[in-house]
Novice: 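This is the structure I want to talk about, given as structure tokens.
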Amino acid sequence: MKVTAVAPTNIAFIKYWGARNLEAAIPFNPSISMTLTRCVSRCTAEHREDDSGPDEVLVRSPGGGLGRPAPEFARRIREHLSRIRGSFGRAGAFHVATENSFPSAAGLASSASGFAGLTLAATGALGIELDPAVLSSLARQSGSGSAARSVLGGYVEWPAGEGEERSYALPLAPATHWDLRNVIALVDSAPKPVSSREGHRRATTSPFFGRRQEILPSRLRTVREAIAARDLDRLGPLLEEEAIELHLVAMSSRPPILYWRPGTLRVLEAVRELRARGVAAWATMDAGPNVHVICPPDSEEQVARALNRLPEVEGLIRDRVGDGPQLVAEHLF
Ligand code: PMV
């Protein structure tokens, strides 16, 4: 059976940074995110019961044909396919192809959408339909923890969980609850110098990591309340605090990780200038140099115009909250 899933990436409002168990992606702290619409991974999986060969993994480059992925990426995909097969006591081989609608490994959470899509397509190809908690837990075990949130739409919380089996994401509110936009300013779309996996590993070496854990419970509470009340004036300052804190921990890890580029700072300043002019816009970031500007629909045009004018900005992706993954009929092979 051949199944194709389109899974969006997500932007964290409260970040997962630091793992209790890195292999299984068990986080130190809960995280909260918004699932996007346009930044998606499409994944086609076919399962052949009588095929004993190795799993075949292909990627489609933007505008190009199918080719071999980078060895590390292929290894992670194969490992996850074996996990999925093992979880359901199945044999056979998978044929898989995947593509992203946006730059990969540039701090735009391509592994979140990629592994959410892979989990959905591969289980679908086995003829298995999982409930969201099991799907989320399985996506998390890919090692890309944020994939646990990308199997759900709208606003999502991934509690820290109590153990491997019980760590999965839950819906906080559907996309229809609050129409927020995300204007992503690309200042460098080359793959990032240090993977988020390595960042999680180093996080606890930062002298600020422990303090961050103390601060988070109250910030999490306020973010939940602000989402429930659709209150961007309350949510916004926490988005920026949280993004800067993620990078503060990264920059003070041993050895330090510097994801920022000169353009990152320029965009952060521009967002402050927009607010000074009365435009509602708040920045957040993943583990990369690009800046996600969260705003209501009536600010989006002004935000996009202001960011487009900056020479450091290579391009914009105008995204928004979305409904989560879907199965589609357009296969990649
Ligand atoms: O899911 P991972 O292992 O790629 O880590 C994600 C880390 C951040 O994107 C920086 C934060 C998050 O919660 O998405």
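No hydrogens, no waters, no symmetry mates; every other heavy atom, side chains included, goes into these values. One-based numbering, in listed order, for ligands and for the atoms of each.
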Novice: Among all protein heavy atoms, pick the one closest to atom 7 (C) of ligand 1 and tell me residue, atom and distance.
Specialist: Tyr16 O, 3.5 Å
Novice: Distance under 4.0 Å to a non-hydrogen atom of Lys15: what atoms of ligand 1 satisfy this?
Specialist: 13 (O)
Novice: Return yes when Ser144 approaches ligand 1 closer than 4.0 angstrom through a heavy atom, no otherwise.
Specialist: yes
Novice: Phe209 and Phe28: aromatic ring centres closer than 6.0 Å?
Specialist: yes
Novice: Taking atom 2 (P) of ligand 1 as the point of reference, which of His200, Glu198, His247 owns the nearest heavy atom?
Specialist: His200
Novice: Got an N/O contact under 3.5 Å between Gly145 and ligand 1?
Specialist: yes
Novice: Nearest to atom 12 (C) of ligand 1, what protein heavy atom do you find, and at what distance?
Specialist: Arg149 NH2, 3.3 Å
Novice: Among all protein heavy atoms, pick out the one at the shortest distance from atom 1 (O) of ligand 1; state its residue, atom name and that distance to 0.1 Å.
Specialist: Ser146 OG, 2.6 Å
Novice: Please could you name the atoms of ligand 1 that Ser111 approaches to less than 4.0 Å, counting only its heavy atoms?
Specialist: 4 (O)
Novice: Within the supplied structure, the quantity of interest is the number of heavy atoms (other residues, nucleotides, ligands) at a distance under 6.0 Å from Arg272 CZ; does it exceed 12?
Specialist: no
Novice: Which atoms of ligand 1 have any heavy atom of Ala12 under 4.0 Å away?
Specialist: 12 (C), 13 (O), 14 (O)
Novice: Under 6.0 Å from the six-membered ring centre of Trp158 and within 45° of its axis: does the NZ or CZ of Arg140 meet both?
Specialist: no
